[in-house]
Amino acid sequence: MMTEISFQQEFEIKGGDFVRAGEASCEIKNLLKELGVAMQVVRRAAIVSYEAEMNVIMYAGSGRLDLSVTSDRVQIVVDDRGPGIEDVELAMSEGYSTATPEMRELGFGAGMGLPNIKRNSDIFKIHSKVGRGTRLEMTIRTNGHRL
Ligand SMILES: Nc1ncnc2c1ncn2[C@@H]1O[C@H](COP(=O)(O)OP(=O)(O)O)[C@@H](O)[C@H]1O
Ligand SMILES: [Mg+2]
């Protein structure tokens with residue numbers, strides 16, 4: 001029988017902090033590798049955490065990322081206190097972005113973050129409330145790939 005290995009860690013994300021952009025997702029990638037998670041799972045987890053982290057940095061005041069790992073799945077939950085998303089379906093469509101010219105200068109704003117998060121998750125949930133914030137829940141199954 002497979003042993004239930006579990007791991008959990010929280011990361012704070014500061015809105016507007018482009019200097020430390022990508023730090024949490026980089027740390028997550030290294031942690032998952034150290035835990036022995038299969039590379040194809042690590043890669044997908046790195047993509048979803050990076051895109052979610054960047055959206056907090058670009059669009060929200062502050063946020064928190066919660067990583068939890070068990071033998072059968074990696075789960076990443078990102079909660080922010082930000083403006084929320086008025087039209088989630090529109091925000092989810094490929095190429096849609098409200099990035100500022102300054103953000104586009106830095107290479108952001110392709111409008112592929114949320115679509116890529118959905119594509120790389122086995123289970124994806126998004127809840128957003130205008131004036132309150134946004135919560136993303138991503139689950140990536142290990143599908144028997146050993147931890
Ligand atoms: N956490 C968030 N808070 C508020 N708005 C968001 C958040 N995440 C995404 N959005 C909105 O959804 C749009 C699409 O996001 P995304 O697909 O990641 O593309 P991009 O980051 O390149 O703009 C963003 O331009 C923004 O308007
Ligand atoms: Mg984005």
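Whatever order the structure lists ligands and atoms in, that order sets their numbers, starting from 1.
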Has Asn55 got an N, O or S atom lying less than 2.8 Å from the Mg ion (ligand 2)?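 Checking Asn55: at least one N, O or S atom is under 2.8 Å.
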
Search all heavy atoms of [X] against all heavy atoms of [Y] and return the closest pair with its distance.
X: Val56; Y: Ser62; value: CG1-C, 3.9 Å
X: Leu35; Y: Val69; value: CD1-CG2, 4.2 Å
X: Glu51; Y: Gly113; value: OE1-CA, 3.4 Å

Between ligand 1 and [X], can you find any atom pair, the residue atom being a heavy atom, that is separated by under 4.0 Å?
X: Ala60; answer: no
X: Pro115; answer: yes
X: Gly84; answer: yes
X: Phe108; answer: no

Taking only heavy atoms of [X], which atoms of ligand 1 are found under 4.0 Å from at least one of them?
X: Met58; value: 21 (O)
X: Gly109; value: 22 (O)
X: Ser97; value: 20 (P), 22 (O), 23 (O), 25 (O)

Check: [X] N/O within less than 3.5 Å of ligand 1 N/O:
X: Ala110; answer: yes
X: Pro83; answer: no
X: Val56; answer: no
X: Asn55; answer: yes

So [Y] and [X], do their side chains get closer than 4.5 Å, heavy atoms only?
X: Met92; Y: Phe124; value: yes
X: Tyr59; Y: Thr134; value: no
X: Leu65; Y: Ser49; value: yes

Pairing donors with acceptors under 3.5 angstrom, does anything connect the side chains of Arg73 and Ser68?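 Ser68 and Arg73 do have a side-chain donor-acceptor pair below 3.5 Å.
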
Basic-acidic side-chain contact under 4.0 Å: Glu94, Arg119: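 Looking at Arg119 together with Glu94, the answer is yes, because their closest N to O distance falls below 4.0 Å.
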
Same apolar cluster (I L V M F W Y, side chains within < 4.5 Å links), Phe7/Leu32: yes

Option of least heavy-atom distance to atom 10 (N) of ligand 1 (set: Ile85, Asp79, Thr98, Ile13):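 Comparing heavy atoms across Ile85, Asp79, Thr98, Ile13, the nearest one to atom 10 (N) of ligand 1 lies in Ile85.
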
